[in-house]
Amino acid sequence: MIFTSLSDRDVAALIQAIKEFLQNPDFAIPILGRYKNEENVEDRLNGAQYILYSYRGRRASKYSIHLRFSETHLYLIRLCINGSRHHNLDGTVVGVNDLHVYKHHEDTGDIESYAYSLDATPFSDIQGLSEALDKFMEYTINH
């Protein structure tokens, strides 16, 4: 599988293939302070290598979690809380809390991390990084 021009169906299949790891993560996230963690994740079925990354800065209310391809560093899925506004290629603008999903535009060949508002997701009422990581795993497995 070529990991630079994935269809929506390909993205869903890749997420399903790493389901076992996502169901059994083992992280010890401190309640306060900066936190940064990278875990290597391997999808033996499709030959994909990922990095599962979670980060919280000085402010506990600003954090990011993503799953990206190790080789290309393209995001498969990313959650950003209190980041910056995101401008999608189609002209839509999403606020500071968003969920990005890999999107390949067949007509132009462009790849983007398409941002969606958190309003219609389980992330709209998250209190902190630890809870967000649990919900990120659950959401990724089930969608």
Worked verdict on T92 versus Y114 for side-chain contact (heavy atoms from CB on, under 4.5 Å): CA-CA 10 Å; T92 57; Y114 193 89; 3.5 Å; yes
Worked verdict on L74 versus R68 for side-chain contact (heavy atoms from CB on, under 4.5 Å): CA-CA 5 Å; L74 293 171; R68 71 179 189 262; over 6 Å; no
Check against side-chain contact (heavy atoms from CB on, under 4.5 Å), R58 and R34: CA-CA 5 Å; R58 282 184 237 153; R34 286 185 173 199; 2.8 Å; yes
Worked verdict on Y35 versus S54 for side-chain contact (heavy atoms from CB on, under 4.5 Å): CA-CA 8 Å; Y35 175 80; S54 51; 3.3 Å; yes
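Across all their heavy atoms, S70 and I51 have their closest contact at OG-CG1, 3.6 Å. Here the closest non-hydrogen pair linking H104 and I111 is CD2-CG1, 3.8 Å. Smallest separation of non-hydrogen atoms from Y50 and L67: CB-CD1, 3.8 Å.
In this structure, Y53 and I65 have side chains that are not in contact, with every pair of non-hydrogen atoms separated by 4.5 Å or more. Looking at heavy atoms from C-beta onward, L52 lies out of side-chain contact with N40 at the 4.5 angstrom threshold.
Test E112, R78, H66 against H100 for side chain to side chain donor-acceptor pair (under 3.5 Å) and you get one pass: R78.
Side-chain atoms of Y116 never come within 3.5 Å of backbone atoms of V101 as a donor-acceptor pair (strictly under, hydrogens ignored). N97 contributes a side-chain N or O that, together with a main-chain N or O of N82, makes up a donor-acceptor pair within less than 3.5 Å. Judged purely by atom type and a 3.5 angstrom limit, R56 has no side-chain atom pairing as donor or acceptor with the backbone of K62. Side chain of N88 to backbone of G91: no donor-acceptor contact under 3.5 angstrom is found.
With values rounded to the nearest 0.5 angstrom, D90 atom CG is found 7.0 Å from H105 atom NE2. Taking CG from L129 and OH from Y63, the interatomic distance works out to 7.0 Å, rounded to the nearest 0.5 Å. Expressed to the nearest 0.5 Å, how far OH of Y75 lies from OG of S64 amounts to 6.5 Å. For the atom pair OG (S7) and CD (E106), the distance works out to 7.5 Å, reported to the nearest 0.5 Å.
Residue L79 is grouped with residue V41 when hydrophobic side chains (ILVMFWY) are merged at heavy-atom distances under 4.5 angstrom, including chains of intermediate members. With hydrophobic clusters built from ILVMFWY side chains whose heavy atoms lie under 4.5 angstrom apart, V94 does not share a cluster with I77.
Under the rule for a side chain to side chain contact (heavy atoms under 4.5 Å, CB included), S84 has no partner lying at least two apart in sequence or in another chain.
Counting heavy-atom neighbours within 6.0 Å of E71 CD, excluding the residue itself, gives a total of 12 or less.
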